[in-house]
Asks: 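The structure follows.
First listed ligand is number 1; within each ligand, the first listed atom is number 1. Side chains included, hydrogens not; waters and symmetry mates left out as well; all remaining heavy atoms used.
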Amino acid sequence: MARKAPRDEVGEDGLKVSPPKEWAAGIPGVTRSLLAAQAQMGAGRTLLTLAGVNQKEGFDCPGCAWPEGDHRSPAEFCENGAKAVAEEATVRRVTADFFARHSVDDLARHTDHWLGQQGRLTSPMHRAPGSDHYVPVSWQDAFSIVARELRALDDPDEALFYTSGRTSNEAAFAYQLLVRRFGTNNLPDCSNMCHESSGSALNQTLGIGKGTVSLEDLHRADLIFVVGQNPGTNHPRMLSALERAKRGGARIVAVNPLPEAGLLRFKNPQRISGLVGKGTTLADRFLQIRLNGDLALFKAMSLLLLQAEDAAPGTVADRDFVETHTLGFDAWAQDLRSLDWAEVEEATGLDRPAIEETVREVLDAKSVIVCWAMGLTQHKNSVATIREVVNFLLLRGNVGRPGAGVCPVRGHSNVQGDRTMGIYERPPAWFLDALRAEFGFEPPREHGFDTVEAIRALRSGRAKVFVAMGGNFVAATPDTAVTEEAMRRARLTVQVSTKLNRSHAVCGREALILPTLGRTERDTGPGGTDGTGPDDRAGRFVTVEDSMGLVHASRGKLAPASGDLLSEVEIVCGLAAELFGDDPHVPWKEFAADYDAIRDRISRVVPGFDDFNARVRAPGGFALPNAPRDERRFPTATGKANFTVNPLEVLRVPPGRLLLQTVRSHDQYNTTIYGMDDHYRGVRGGRRVVFVHAGDLAERNLSDGDLVDLVSEWPDGERRAEAFRVIAYPTARGCCAAYFPETNVLVPLDSVADTSNTPTSKSVVVRLVLRADDPERP
Ligand SMILES: Nc1nc2c(c(=O)[nH]1)N[C@H]1C(S)=C(S)[C@@H](COP(=O)(O)OP(=O)(O)OC[C@H]3O[C@@H](n4cnc5c(=O)[nH]c(N)nc54)[C@H](O)[C@@H]3O)O[C@H]1N2
Ligand SMILES: Nc1nc2c(c(=O)[nH]1)N[C@H]1C(S)=C(S)[C@@H](COP(=O)(O)OP(=O)(O)OC[C@H]3O[C@@H](n4cnc5c(=O)[nH]c(N)nc54)[C@H](O)[C@@H]3O)O[C@H]1N2
Ligand SMILES: [Mo]
């Protein structure tokens, strides 16, 4: 299953490598962001656009889900937020002409980078069955085609409805309503590849699938763990919060196989003092852990805490909290006492004194927060690992009080809100009951397919129609060769998108591209107004929920990329009106014309949204209720917070092999590639690189600069990603790293996390095979 490098990559590889940086952001970050923005938008549009990011009257930054906080600076964006905005607000356009010049196969031969660089999609396009080109189609005809194919299915479960995490609350609610009204729960989403493991673990143990801290908590914590996360690149605004916590006396422990720049030192570009000098040292302690070692680390830290409690009873554990609010402590403690230190050291690559010193910091801290992202969620044992994080916090009562708690840091800007709105293949019964009570139809009860199951269903022919509300399914999912073949079997694929991407090129026999408004654009609705008075001229707003459960409005300011775009809500409702005709249950046309009408329904279906329309109009929006945080109440199946026992199974890599993690570079947003640089890691001009420890290279007779193939091994066969340059890099021993999506071809479809079914994108067993045909080798 080899994958040749697409043709744009040939010649783009003017690779230059320098030592990794030790600090993040500061002036170079801001300058780079303005340059990036200007290249896409020109100077005037750049200023207008960036001035609107994350302001109370502006639009929510599409970059990430980090909250904005009360005291917004005039420039409440970061380098990478600016790039995300520029990508959307670009003045480049993909027109019907473009599709006449490029066949579908031709598009498939280009890279994600090239496709994204072509600009914004401008009008609906249709690929007739088996045709080699997309041609223009009217919106009405496009809706008829989708409705026809959906009606032709033998069973609603033969259709799949994917969602990426940028979709607004209103669009997400309308979309899941359409899907359930049609009769299926097949609602896979990007969460399945992202924080699903967090949701699974937290729901079971704390009774809520989200974090339990606010920005305020972070500012006042004594000790913050940042585990499996690269905030300097992926959540730059989080660095300001960490800096503020440090000024309040907090200590920070970074746990990561890579010495990520943003974790070490930070120059705050929004403060004068940050522009000069060395900036703030963020991490007081850096635990350079092996990939997949975190379960062992958290067990070991908890064991040391238990032993300290044995030595001085009543001083370490929060016995009151444990007795009143939790279950399962004894079984957990008993299991922990049999922990084998040799296994801990093997799994973590850390020595016992390093773990003991860290635990001394924990003992000194009244309030502890653990933050994490993909470094914890994309492993086979991810759910167990996160449950172990919860155990560690519960022991000392570090949940549900100020400055303490769990903080899964979300990715896409509204991925959390989409789930709150019902984008979920396994909806709870109460949600379906509420839909039935509100709309008077019987929603399907059987669980639907998640992302991995959706790919299997396409592969087997069980699913025939695939609809995507945003995202880039074929590039973001694992096992690229398998997924692409599966997608090409679909009868019809439909992509609601802002930008061209691989999922438009690798599509079903018949395919539609439906272009939509982005966050930055004015949504004026039918007739150019929304008819509700003061909001008229400004255009309509939608709402989003950030990583900490704050719901607020987002209103675009720029003129739309084309006169032929519809909003996501209008697309959903237009399709529904065609599919259901005069629907006695849902007033689709009213929904499309008036988002307040959707919000009224949300307020009656989704808990915490009472009086939604009024409260969301207050500056800054409102916070959703969070039982563990607000009341120390844990709405789990047992009614208590649950300690859980999670066996330690050391992931042993066969001799000669390495464990590969697939990560983001500084110049990408998931499958959208902004450029060829990874600034903080010292890489310029190329993406086909693999970071390996010098000691591991020496053991394999390889050297820095060698050209290798990456070969992953799985019981069903080998997978190969060709032609990667080796970079000797200070990562943990036995581990290596390379960029996604180029390496998704290596992640086996069936290699998934227990319970959450998330692909194991951070632990892939690979071997490096030296290539004989290296042009740069004598
Ligand atoms: N600019 C930009 N911003 C983004 C995105 C983007 O692509 N670009 N993507 C958005 C999305 S959807 C998401 S989900 C987030 C992702 O945000 P991150 O999770 O920060 O993204 P990754 O690049 O996957 O980085 C994973 C980090 O975990 C570490 N890691 C990997 N495996 C392990 C492990 O086993 N243990 C430990 N302790 N650490 C490990 C890696 O070294 C790396 O630092 O960012 C969001 N924000
Ligand atoms: N190997 C590996 N694979 C991974 C990961 C990894 O770390 N390693 N990370 C996983 C994670 S965390 C995630 S979240 C997924 C991401 O998976 P996706 O969310 O499916 O992928 P994106 O690249 O974010 O999607 C980009 C596309 O979204 C469209 N888009 C952008 N804005 C809008 C909008 O406002 N509306 C609409 N309708 N469309 C819009 C554009 O057309 C753009 O091309 O990838 C996962 N895949
Ligand atoms: Mo994500």
Side-chain angles (χ1 to χ4, degrees), residues 62-66 78-81 83-84 87-88 112 115-116 121 162-168 171 189-195 226-236 254-260 262-263 287 289-294 297 372-379 382 385 409-415 451 468-478 495-504 514-520 568 571 659 661-672 674 731-732 735 737 739-744 746-747 758-759 761-764:
C64 74
W66 190 256
C78 63
E79 178 193 353
N80 277 343
K83 288 188 209 156
E87 242 344 267
E88 182 178 302
D112 293 292
L115 292 170
L121 296 161
Y162 177 69
T163 314
S164 169
R166 280 196 190 173
T167 295
S168 68
D189 74 339
C190 68
S191 234
N192 300 146
M193 299 178 269
C194 186
H195 267 294
V226 182
V227 191
Q229 204 200 333
N230 179 20
T233 286
N234 298 313
H235 303 92
V255 185
N256 204 304
L258 295 173
E260 307 283 30
L263 295 173
L287 295 178
I289 197 167
R290 286 220 173 112
L291 287 171
N292 199 247
D294 306 86
L297 173 66
W372 71 88
M374 296 305 99
L376 283 201
T377 64
Q378 300 175 334
H379 298 277
S382 282
T385 301
V409 181
R410 297 279 159 168
H412 267 303
S413 51
N414 198 41
V415 62
T451 293
M469 182 53 66
N472 183 2
F473 190 86
V474 298
T477 49
Q495 303 283 338
V496 179
S497 313
T498 53
K499 302 279 299 262
L500 194 64
N501 67 42
R502 192 156 178 83
S503 300
H504 305 121
L514 306 180
T516 190
L517 293 173
R519 283 284 166 74
T520 55
E568 290 180 339
I571 293 172
L659 207 50
Q661 62 155 323
T662 59
V663 286
R664 293 154 171 80
S665 89
H666 195 62
D667 258 3
Q668 76 182 82
Y669 194 93
N670 299 339
T671 68
T672 300
Y674 303 137
T731 181
C735 305
Y739 302 128
F740 112 88
E742 287 84 344
T743 47
N744 286 37
L746 298 171
V747 186
T758 295
S761 307
K762 297 291 191 273
S763 41
V764 185

Asks: Would you say the side chains of His666 and Thr233 form a donor-acceptor pair under 3.5 Å?
Replies: yes
Asks: Which bit of Ile289 is near ligand 1, meaning a heavy atom under 4.0 Å away: side chain, backbone, both or neither?
Replies: side chain
Asks: Can you name the side chain to side chain contact (heavy atoms under 4.5 Å, CB included) partners of Ala254, sequence neighbours left out?
Replies: Leu263, Ala283, Phe286
Asks: So which residues, sorted by chain and number, lie with a heavy atom under 4.0 Å of ligand 2?
Replies: Tyr162, Ser164, Arg166, Cys190, Met193, Cys194, Met374, Gln378, His412, Gly470, Gly471, Asn472, Ala476, Val496, Ser497, Thr498, Lys499, Asn501, Thr516, Glu568, Thr662, Arg664, Tyr669, Asn670, Thr671, Phe740, Asn744, Ser761, Lys762
Asks: At less than 4.0 angstrom from any non-hydrogen atom of Val227, what atoms of ligand 1 do you find?
Replies: 38 (N)
Asks: Could you tell me whether some N/O pair between Val255 and ligand 1 is separated by less than 3.5 angstrom?
Replies: yes
Asks: So which of Asn192, Thr477, Thr758 actually passes side chain to side chain donor-acceptor pair (under 3.5 Å) with Thr451?
Replies: Asn192
Asks: Output the list of atoms in ligand 1 that are nearer than 4.0 Å to some heavy atom of Asn292, sorted by atom number.
Replies: 34 (C), 35 (O)
Asks: Taking 4.0 angstrom as the limit and counting only heavy atoms of Leu258, give me the atoms of ligand 1 inside it, by number and element.
Replies: 42 (O)
Asks: Taking side chain to side chain contact (heavy atoms under 4.5 Å, CB included) as the test, write out the residues that go with Ser413, two or more places apart.
Replies: Asp60, Arg166, Arg519
Asks: Using a 4.0 Å cutoff against the non-hydrogen atoms of Leu291, which atoms of ligand 1 qualify?
Replies: 31 (C), 32 (N), 33 (C), 35 (O)
Asks: Can you sort out the partners of Ser503 under side chain to side chain contact (heavy atoms under 4.5 Å, CB included), two or more places apart, ordered by chain and number?
Replies: Asn472, Phe473, Val474, Gln495, Asn501
Asks: Counting only heavy atoms, which portion of His666 has something under 4.0 Å from ligand 1: side chain, backbone, both, or neither?
Replies: neither
Asks: Find the distance between CG (Asp294) and NE2 (His379) and round it off to the nearest 0.5 Å.
Replies: 6.5 Å
Asks: For Gly228, is at least one N or O under 3.5 Å away from an N or O on ligand 1?
Replies: yes
Asks: Are any of the N/O atoms on Asp294, whether in the backbone or the side chain, positioned under 3.5 angstrom from an N/O atom of ligand 1?
Replies: yes
Asks: Do any N/O atoms on Tyr674 end up under 3.5 angstrom from N/O atoms on ligand 1?
Replies: no
Asks: Within the 4.0 Å heavy-atom shell around Glu260, which atoms of ligand 1 are there?
Replies: 42 (O), 43 (C), 44 (O)
